[in-house]
Every structure is written in C-alpha cells, then in structure tokens.
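Here's the structure we're looking at; comments come further down.
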Number of protein chains: 2
Amino acid sequence: MVRKRQEQVLTKRGTATRQRIVETAARLVYEQGARGTSLDDVMERTGTSKSQLYHYFDNKDALLRAVIQWQTKRIIGAQTGAIPALDTFEALKRWGDMIVASVIDNGGRGGCPLGSLASELADYSEKARVLLGESFDLWEAEIARGLDAMKVRGELAPAADPGELATAAMTALQGGKLLAQTQRSERPLRLAMDMALENIARHLKPKRGPRRAR
Amino acid sequence: MVRKRQEQVLTKRGTATRQRIVETAARLVYEQGARGTSLDDVMERTGTSKSQLYHYFDNKDALLRAVIQWQTKRIIGAQTGAIPALDTFEALKRWGDMIVASVIDNGGRGGCPLGSLASELADYSEKARVLLGESFDLWEAEIARGLDAMKVRGELAPAADPGELATAAMTALQGGKLLAQTQRSERPLRLAMDMALENIARHLKPKRGPRRAR
DNA sequence: CTAAAATTGGACTTACAAGTCCAATTTAGA
DNA sequence: TCTAAATTGGACTTGTAAGTCCAATTTTAG
C-alpha cells in the first residue's frame, strides 16, 4: 500500500478529509467516469477547496490511483464479507448469483468499478494501469484461494489450476458486466457466470452421495 | 443503417470527406478514447475544418455513432474475411487463436474498439449505448450462425443454444481483452477463449474417427 | 504558552474543447 | 452557361477544467 506524500504527517482531521475526498471521488468516477469527473465536482460534493485536493494529492491522477486502491479493498472486502470463502461449489454458485444480481443495483447502469476504470485508464495512465493490474490479481487471488482449498481437499482434480480458473472467471465477470451494462440486461452476465462455473465444474471430482450440481 | 442528415445530398467529394473523417476519428478514438479525442484532433489529422465536421455531423456524439457503426462493420468484416464461417470446431479454434494473437498488434495496448467505447459511452450517451448493444448483437449473430450450422448438421447437441453460446463467448472475448490490455499480457485472453471454446465443446457430439479435440 | 506544521479558502492563470457563424469557393444539374 | 446547393475556411464565443499561489486559520508538540 504505497501511500507517498508521507513527508507530510496527517492529523486525525486530515485523514478524515482525505478519506472523504477519496470515497466521494470514487462514487463520482463510478457514475461519470474518470475524465467525466472534474475536481470541481469533487470539491462541491465534499465541501472542500482546491487547495485541499492538492494538499492531499499531487494531482488528479494521484487521486484516481487512491480511488482505485480504495475500490479494490471495498470490492474484495464486500465479497469476503458476503461469502467468506469460495471453497465449495455451492459457495461458488452463490457467488455467481450475487454477481448477476448486482446488475439490478443501479438499474443496469454502471459496470464493474475496476473494469470501467481499467478500460478508461489503461492506455492513459501507466501508473493507474499497473495498479489496476494488481487489483485484478488480488481479486483473482481471493477466488483462487477458495479453489485451492477445494483442490487440497481433493474436490478438484489435481490437474486443475486455481490461478487459471480464477483468471478465466474474472474475464467472464468483466465481459459479462460490460455487456450487461451495454444492453441493460442481466442475460449476458448470467451466461458468463454460468460458463465460468461450468469451467470450474469440469474439474470437480464426483463425491459420494449427491450428484454433481448444475 | 440509419444515416440521417439525408435532407442533404452528398456528392462524391462529400462522401469521401465524410468517410475520411469517420475512419480517422475511429483510429483516434481507439487510441485516445472518445472523451480524449477532440474535434481539433480530428480536424488536424484529416485536414478538414470545423465547418466540415459540423456539415457532415450534427455534433460530436453523432460522429461517435458513425464511428461505432463503421467499427462494427470493419470488425465483423475482418472476421468473416479471415474465417468465412465458424461452423466447425477447427474454425472456432482458429478464431480463438486469431483473437488471442490480436493482442500483439498494438503492443498490448488498446482493447476491443467496441468494448472500449461501450465502457466509456454506455452511461454517457443513450443513443451510443443502444447502437453498441446492437453491434454486439450483430457480432454474436455471426458467431451463432456458425454454431447453428453445426447444430443442423448434428455436430452440436440439440440442447445447445447457439445464441447463448455466442453471447457467452463474447463476454469471454471482451473480458479477456480488457484484462489483457490492463496487464499487458495475452494470458487472460487465452484463458478466456479456451474457456469459451470448451463451453462450446461441451455440446459437441462425438463423431466417428478422431476423438473430441482439445 | 508558543512556534512550527498542518489545514483550509478561494481567487487567479492558462489551456483547451464544443459549438456558432458568415462568407467564400466549388460542384451539380437544368 | 447559370444558378442553387454543397462544400469549405477559419475566426469567434462560451464554458470548463487542471493546476498555481498566497494568505488565513487551526492544530500539534515541546
């Protein structure tokens, strides 16, 4: 968690102000995009002044990087909060359902906060691109962690590669979110998550009792 | 193909100018994004004037819509040009390889021209969103066409739904492109396309002779 | 308490971008 | 040929956005 600007110590008040700026900026950026969100927007919604923004961040790009890091923690935190571990196929199915259900939230508008930023910033800010790449890695690692536990317990075939399965699932999630946002329909996201889950189910080892799900 | 502005007849020269504007704008928008491309950029690169842009397009949004339609035709045309029909699993594999190889083109930079525009414009321009939704439908229809042929020939199980398989493949393609662009690696795209192809292979009916591929 | 550091207000500069406007030139078609 | 329509040049307006600057206020720590 590179913080930079630590030559300057933040007081309690300063920390609160900085946090308020980051969270508000995150919401605005999610709704309007990075380029579509002006610093004046952020100032107005946070009740801060220009000098405050530039006191806590070197420039707009630095603020956007803080937004990326905050969103990354928020998203992964929300996921582990709802489903502590993706280490059973049942948990994976609930995870998929949760992702699909998220389309309703904003009436179909808004894709994945990280995916949208990645698309907008990857070729615009090298620092942001690297950060977003790491964000996806972290998110995928959380998924791979559950798959790995399944593999250790012998529920997934030895040949299954948790890291690759997690990455494939992430591509499905991102592509599904994008199409759902574009077509204002949960259909593509549902099909994407079903595909990702089936891609994992391929490596499930049959167990005594109940049959392979789905 | 809604053209609008047909109250005004275009001469041969006018058509050429308009086309030059659209193609150049498409390249700039692909490289810099829609918001990152100014009309002055387009003017400079096409050697046109402000009045020409506004002569052929109502406003910037209308130009962007023309870009979307042109890219849609270009992408689908390029695909059918390289692989006339995705009606064998071999053709599908070549298609997947072609998609993966496309990452090299711009040194990893640049995602899918349509996907990038969708992410940027879906919540910004309703007209553009609808158009992009239709673009994905057209592209998917081209994929579904091949799958349907396989189904008719009995190579795909009757339960297989070409439309759903095509949509799932499109989400994999888009998500894979996005992650590849973000991480400057073809790995996520390769895993995505493998997943999409496997998702189709699930419905392959075994045929005499060679075993199920992959 | 008091000096140094952190925090804040807000005006100002500079750059750029979308869109308007009008006049000049070229082309098409009768 | 001639005239109306299409095409083009380019200055201009208006709005916005990032970033700078300096002074005022508040807080922290010795």
Side-chain angles (χ1 to χ4, degrees), chain A residues 3-25 28-29 31-67 117 120-121 124-128, chain B residues 3-25 28-29 31-67 117 120-121 124-128:
Chain A
R3 191 52 99 212
K4 279 298 176 62
R5 277 239 157 173
Q6 276 186 343
E7 71 272 5
Q8 189 153 279
V9 180
L10 295 197
T11 67
K12 180 172 290 186
R13 181 159 65 127
T15 305
T17 300
R18 193 196 128 102
Q19 187 60 18
R20 183 158 42 97
I21 292 172
V22 171
E23 294 185 18
T24 302
L28 290 173
V29 165
E31 293 170 355
Q32 313 174 335
R35 285 178 141 114
T37 300
S38 71
L39 297 183
D40 292 272
D41 285 342
V42 178
M43 284 163 57
E44 187 184 342
R45 299 293 279 270
T46 53
T48 54
S49 64
K50 240 341 166 17
S51 50
Q52 282 173 288
L53 293 191
Y54 281 91
H55 180 69
Y56 296 106
F57 306 94
D58 282 333
N59 47 42
K60 186 178 177 180
D61 197 69
L63 171 58
L64 289 175
R65 292 198 298 276
V67 165
L117 278 171
E120 190 175 1
L121 302 180
Y124 178 71
S125 161
E126 178 65 11
K127 288 180 181 175
Chain B
R3 192 51 99 210
K4 280 296 176 63
R5 277 240 156 171
Q6 277 187 342
E7 71 272 4
Q8 189 153 279
V9 181
L10 295 197
T11 66
K12 179 172 291 186
R13 180 160 67 128
T15 304
T17 300
R18 193 196 127 100
Q19 188 60 19
R20 183 159 41 97
I21 292 172
V22 171
E23 294 185 17
T24 302
L28 290 172
V29 166
E31 292 170 356
Q32 313 174 337
R35 284 178 139 116
T37 300
S38 71
L39 296 183
D40 292 272
D41 285 342
V42 178
M43 283 163 57
E44 187 183 342
R45 299 293 279 271
T46 53
T48 54
S49 64
K50 234 358 163 4
S51 51
Q52 282 173 288
L53 292 191
Y54 282 90
H55 181 68
Y56 296 105
F57 306 95
D58 283 332
N59 47 40
K60 186 177 176 180
D61 198 69
L63 171 57
L64 289 175
R65 292 198 298 275
V67 165
L117 278 171
E120 190 175 2
L121 301 180
Y124 178 71
S125 162
E126 178 65 10
K127 288 181 181 174

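Lettering of chains follows the sequences in order, A, B, ..., and the numbering in each one begins at 1.
- Rounded to an integer number of Å, the gap from A:I21 CD1 to C:dA6 P is 16 Å.
- When atom types are taken as modelled, the side chain of B:E120 and the backbone of B:R35 share a donor-acceptor pair closer than 3.5 angstrom.
- Proximity of A:F57 to A:R65: side-chain heavy atoms (C-beta onward) are nowhere separated by under 4.5 Å.
- Side-chain N or O atoms of A:T15 include one that pairs as donor or acceptor with a backbone N or O of A:T11 at under 3.5 Å.
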Nucleic acid footprint by protein, nucleotides 25-30 of chain D - heavy-atom cut-off 4.0 Å, B for base, S for sugar-phosphate alone: -SSS--

side-chain contact (heavy atoms from CB on, under 4.5 Å) evaluation trace for A:T48 with A:R20: CA-CA 10 Å; A:T48 54; A:R20 183 158 42 97; 3.9 Å; yes

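- Proximity of a side-chain donor or acceptor of B:T37 to a complementary backbone N or O of B:L28 within less than 3.5 Å is detected.
- Look at CZ on A:F57: it is 14 Å from C1' on C:dT7, rounded to the nearest Å.
- As a whole-Å value, the separation of B:R20 CZ from D:dT7 P is 13 Å.
- For B:Q52 (side chain) and B:S49 (main-chain N/O), a donor-acceptor pair under 3.5 Å exists by modelled atom type.
- At C:dT8, none of the side-chain N or O atoms of A:T48 fall inside 4.0 Å of OP1 or OP2 (strictly under the cut-off).
- For the OP1/OP2 pair of C:dT8 and a distance below 4.0 Å, the side-chain nitrogens and oxygens of A:Q52 include at least one atom meeting the criterion.
- As rounded to whole Å, 15 Å separates atom P of C:dT27 from atom CG of B:L10.
- The nearest whole Å value for the distance from the CG atom in B:L53 to the P atom in D:dG10 is 14 Å.
- Using a distance-only test at 3.5 Å, with no hydrogens or angles considered, no donor-acceptor pair links the side chain of A:T46 to the main chain of A:I21.
- With sequence neighbours excluded, no residue forms a side chain to side chain donor-acceptor pair (under 3.5 Å) with B:T17.
- Picking from C:dA6, D:dT7, C:dG9 the nucleotide with the shortest atom distance to the side chain of A:H55 gives C:dA6.
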Tabulate atom names and distances for all N/O pairs under 3.5 angstrom spanning the protein and nucleotides 13-20 of chain C.
| unit_1 | atom_1 | unit_2 | atom_2 | d |
| --- | --- | --- | --- | --- |
| C:dA18 | OP1 | B:K60 | NZ | 2.7 |
| C:dA18 | OP2 | B:L39 | N | 2.7 |
| C:dA18 | N7 | B:K50 | NZ | 3.4 |
| C:dG19 | OP2 | B:Y54 | OH | 3.0 |
| C:dG19 | OP2 | B:K60 | N | 3.2 |
| C:dG19 | O5' | B:Y54 | OH | 3.4 |
| C:dG19 | N7 | B:K50 | NZ | 2.8 |
| C:dG19 | O6 | B:K50 | NZ | 2.8 |

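- Judged by distance alone, the side chain of B:K127 and the main-chain N or O of B:D61 form no donor-acceptor pair under 3.5 Å.
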